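In what follows, every chain begins at residue 1, and chains take the letters A, B, ... in the order their sequences are listed. If you're wondering where the values come from, they're calculated on a predicted model, not measured in any experiment.
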Amino acid sequence: MAQALPRNSEVADQLELLADLLELTGEASFRVIAYRRAAQRARESAGSIAQLALDGRAKELPGIGKTIEEKIVQIVDTGEIAALTKRKAEVPPEVVEFMRLPGLGPKTAARLWHELGLTTLAALKAAAEQQRLRALPGFGARSEERILKALAEERGPAEVRPLLGTGLPVALAVVEELRRGPLVDKVSEAGSVRRRRETFRDLDLIATSSDPAALTAHFVSLPFVVEVVAHGDTKATVISTDGLRFDLRVVPPESYGNLLQHFTGSKDHNVALRERAVKDGLSVSEYSITVVETGEELRYATEAEVYARLGYEWIPPELRENTGELEAARRNELPKLVEQREIRGDLHLHSDWSDGRATLEEMALAATARGYAYIAITDHSYRLHEGRLAAQDEEVARLNELLAPFQILRGVEVNIRADGSLDLTDEELASRDWVIASLHTSFDRSPTERVLAAMMSPHVDCIGHLTARKLNKRPPADVDVERVLAGALETGTFLELNGQPDRLDLRDAHARAAGEAGVPVLVSSDAHRPHALSYLDLALSQARRAWLTRAQVLNTRTWPQIQKMMKR
DNA sequence: GCCGTTTTCGGCCCGACTGTTTTCAGTCG
């Protein structure tokens with residue numbers, strides 16, 4: 001391989017910083033927006049954006065044109081965008097930090113810098129304390145207080161976004177609780193949790209009610225509420241016992257569709273939707289669609305009607321990220337996304353034969369309770385040396401007799417060592433019905449090469465949690481996903497979408513690339529205890545975000561059907 | 001800076017809230 005290319009995150013960071021600096025120096029806002037959009041596109045791109053730019057194909061991505069493609073090539077050639085180097089010399093580095101304080105934007109940051117000569121956070125704090133900010137027109141005592149408060153909070157621990165796996169069950173339980181009550185007509189989760197994004201900031205709920213004030217009063221009195229942040233007749237914000245932030249908005253029934261659509265987002269989806277609507281003479285807001293020419297206000301009780309009036313088929317929330325779903329929906333070409341009831345089994349589970357917390361039997365019974373036809377028991381290889389594999393096989397045989405026609409497959413999760421070899425012998429691997437190979441250590445040591453080497457083994461059926469990331473804890477290993485996809489196709493190896501709440505790995509963009517490349521994706525729980533079998537639902541939600549259909553998800557098939565697709 | 005079923009030039013979502021103002025700019029989602 002040639003020299004290491006800059007990672008997508010590095011490219012995105014430089015574009016983002018350039019946008020910040022341009023904004024601070026008063027550049028036209030649409031240029032700034034263009035750089036921000038390109039940064040996001042780079043961050044979400046599955047393949048190497050740098051490689052695409054070198055090949056002259058980055059400008060095929062929406063939001064990236066000739067100019068930005070050239071700037072990405074500059075990063076490859078010289079390490080930094082030339083314009084960024086120039087701008088960095090003009091703006092003191094901490095002035096960029098001003099903009100990150102809540103309530104402070106580029107205009108205010110620039111004024112603090114230019115009109116008061118403030119260039120560091122320490123100087124800003126001192127000026128606010130000495131009440132020197134109020135000398136600026138438009139600034140008062142409250143502005144100073146607000147900035148001091150923001151500065152104090154900035155010193156706290158870095159903000160972490162809670163995991164979908166933490167918030168989703170709670171959100172759904174609250175929705176169910178409200179639905180059972182007498183005051184609610186319709187209720188739904190909204191926002192990023194409805195789109196099943198891997199993390200969230202707060203949990204949004206939307207409801208209709210004949211008595212909105214009574215409903216919000218009921219909501220803030222629910223047992224899970226430990227703190228009421230805000231409480232009005234149609235809106236309430238509370239903190240739950242888990243420390244999660246909930247927003248409930250009660251809306252009129254006749255525009256429930258408009259509001260649910262609006263509050264589900266994403267922002268980018270809504271902006272693109274509205275830009276297109278303007279061209280059609282329509283103005284979209286959270287309350288209605290306005291026919292500009294006549295002033296007619298169109299309110300709809302369902303989302304499907306909102307999308308239909310704008311010329312789209314209904315778009316599943318998981319797809320609403322402005323990554324092609326609007327164009328596809330306009331042509332009636334959205335994929336039929338995989339559904340939970342189509343899943344027939346789970347091929348990544350642990351028991352107390354390795355680091356699981358339950359017996360094999362308990363795990364198997366939990367799987368039958370979920371309606372599965374089969375599971376694979378895939379305990380870690382490091383605990384299955386010296387005859388323990390054979391011993392576990394006897395236990396599997398006993399349970400299979402007991403639970404038939406339910407079937408337990410003899411699997412293993414084999415470790416990919418730092419040198420790319422596997423820590424079980426070929427004979428041991430050959431004795432398995434199903435083999436997952438995963439990285440568990442030395443993530444910075446040639447992860448791509450090690451995964452490619454593992455895939456070359458005739459016994460490895462699937463690669464587990466490809467990048468080994470742990471959300472909020474450990475960054476993803478620097479895996480070249482495009483090369484892995486090519487290797488997977490070549491060798492006939494499947495890729496896993498692991499459903500552990502802090503993994504969700506393959507991530508959505510990578511799973512989508514796998515689907516487009518034609519690599520079957522396994523959705524699995526990686527459960528270490530019975531209740532964790534539900535993690536498969538989280539994996540499934542990410543598969544839906546990746547546009548995957550039933551056919552693209554491996555374990556929508558029977559075990560004999562899967563066997564026919566395996567390399568051996 | 002990007003983009004095209006009006007357009008290769010001239011556009012580029014919409015409304016709520018805040019703080020400081022007498023009519024609005026800036027910020028946020």
May I have the distance from [X] (atom [atom1]) to [N] (atom [atom2]), rounded to whole angstrom?
X	N	atom1	atom2	value
A:F139	B:dT20	CZ	P	9 Å
A:I72	B:dG1	CD1	C1'	13 Å
A:D268	B:dC12	CG	C1'	14 Å
A:F98	B:dG26	CZ	P	18 Å
A:I33	B:dC14	CD1	P	13 Å
A:R276	B:dT7	CZ	P	13 Å
A:K267	B:dC12	NZ	C1'	13 Å
A:R249	B:dC17	CZ	P	8 Å

With the side chain of [X] defined as its heavy atoms from C-beta on, choose the nearest nucleotide among [options].
X	options	answer
A:K107	B:dT27, B:dG15, B:dC2	B:dT27
A:S283	B:dG26, B:dT7, B:dC14	B:dC14
A:A34	B:dT7, B:dG1, B:dC13	B:dG1
A:Y287	B:dT20, B:dG15, B:dT7	B:dG15
A:E275	B:dG29, B:dC12, B:dC14	B:dC12
A:I68	B:dC14, B:dG29, B:dC2	B:dC2
A:T67	B:dT7, B:dC2, B:dC14	B:dC2

Measuring only the [atom1] atom in each nucleotide, how far is [N] from [M]? A whole number of Å is fine.
N	M	atom1	answer
B:dT27	B:dT20	P	14 Å
B:dT21	B:dC14	P	31 Å
B:dA16	B:dG11	P	27 Å
B:dG29	B:dC13	C1'	12 Å
B:dC28	B:dT23	P	25 Å
B:dG15	B:dG10	C1'	25 Å
B:dT6	B:dG1	P	27 Å

Nearest heavy atom decides the nucleotide; on that basis, is A:K235 or A:R142 closer to the 5' end of DNA chain B?
A:K235
Nearest-nucleotide 5' precedence on DNA chain B, A:M99 against A:N270:
A:N270
Base, sugar-phosphate, or nothing: which does [X] touch, judged by heavy atoms less than 4.0 Å apart?
X	answer
A:I64	sugar-phosphate
A:P62	sugar-phosphate
A:A141	sugar-phosphate
A:Y35	sugar-phosphate
A:V32	nothing
A:V278	sugar-phosphate

Decide whether a cation-pi geometry holds between A:R134 and A:F139; the criteria are a distance under 6.0 Å from NZ or CZ to the six-membered ring centre and an angle within 45° of the ring axis.
no
Rounded to the nearest 0.5 Å, how far apart are CG of A:L54 and CD of A:E69?
9.0 Å
With a 4.5 Å limit on heavy-atom distance, are the side chains of A:R195 and A:S266 in contact?
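Yes; the side chains approach each other to less than 4.5 Å.
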Tell me whether A:R320 contacts the main-chain N or O of A:I315 through its side chain, where contact means a donor paired with an acceptor under 3.5 Å.
yes
Donor-acceptor pair, distance only, cut-off 3.5 Å: does the side chain of A:Q552 make one with the backbone of A:T549?
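Pair found, side chain donor or acceptor close to backbone of A:T549.
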Considering just the side-chain nitrogens and oxygens of A:R31, establish if one lies under 4.0 Å of OP1 or OP2 belonging to B:dG1.
yes
Answer with yes or no after comparing the ring centroid distance for A:F246 and A:F224 against a 6.0 Å cut-off, counting only values under it.
yes
Looking at B:dC12 and A:F30: do their rings stack (centroid distance under 5.5 Å, interplanar angle under 30°)?
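Answer is yes, a stack.
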Which nucleotide, if any, forms a Watson-Crick or G-U wobble pair with B:dT8, using both distances under 3.5 Å?
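For B:dT8, the partner nucleotide comes out as none, under the 3.5 Å rule.
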Please determine whether a side-chain nitrogen of the Lys or Arg among A:E198 and A:R469 lies less than 4.0 Å from a carboxylate oxygen of the Asp or Glu.
yes
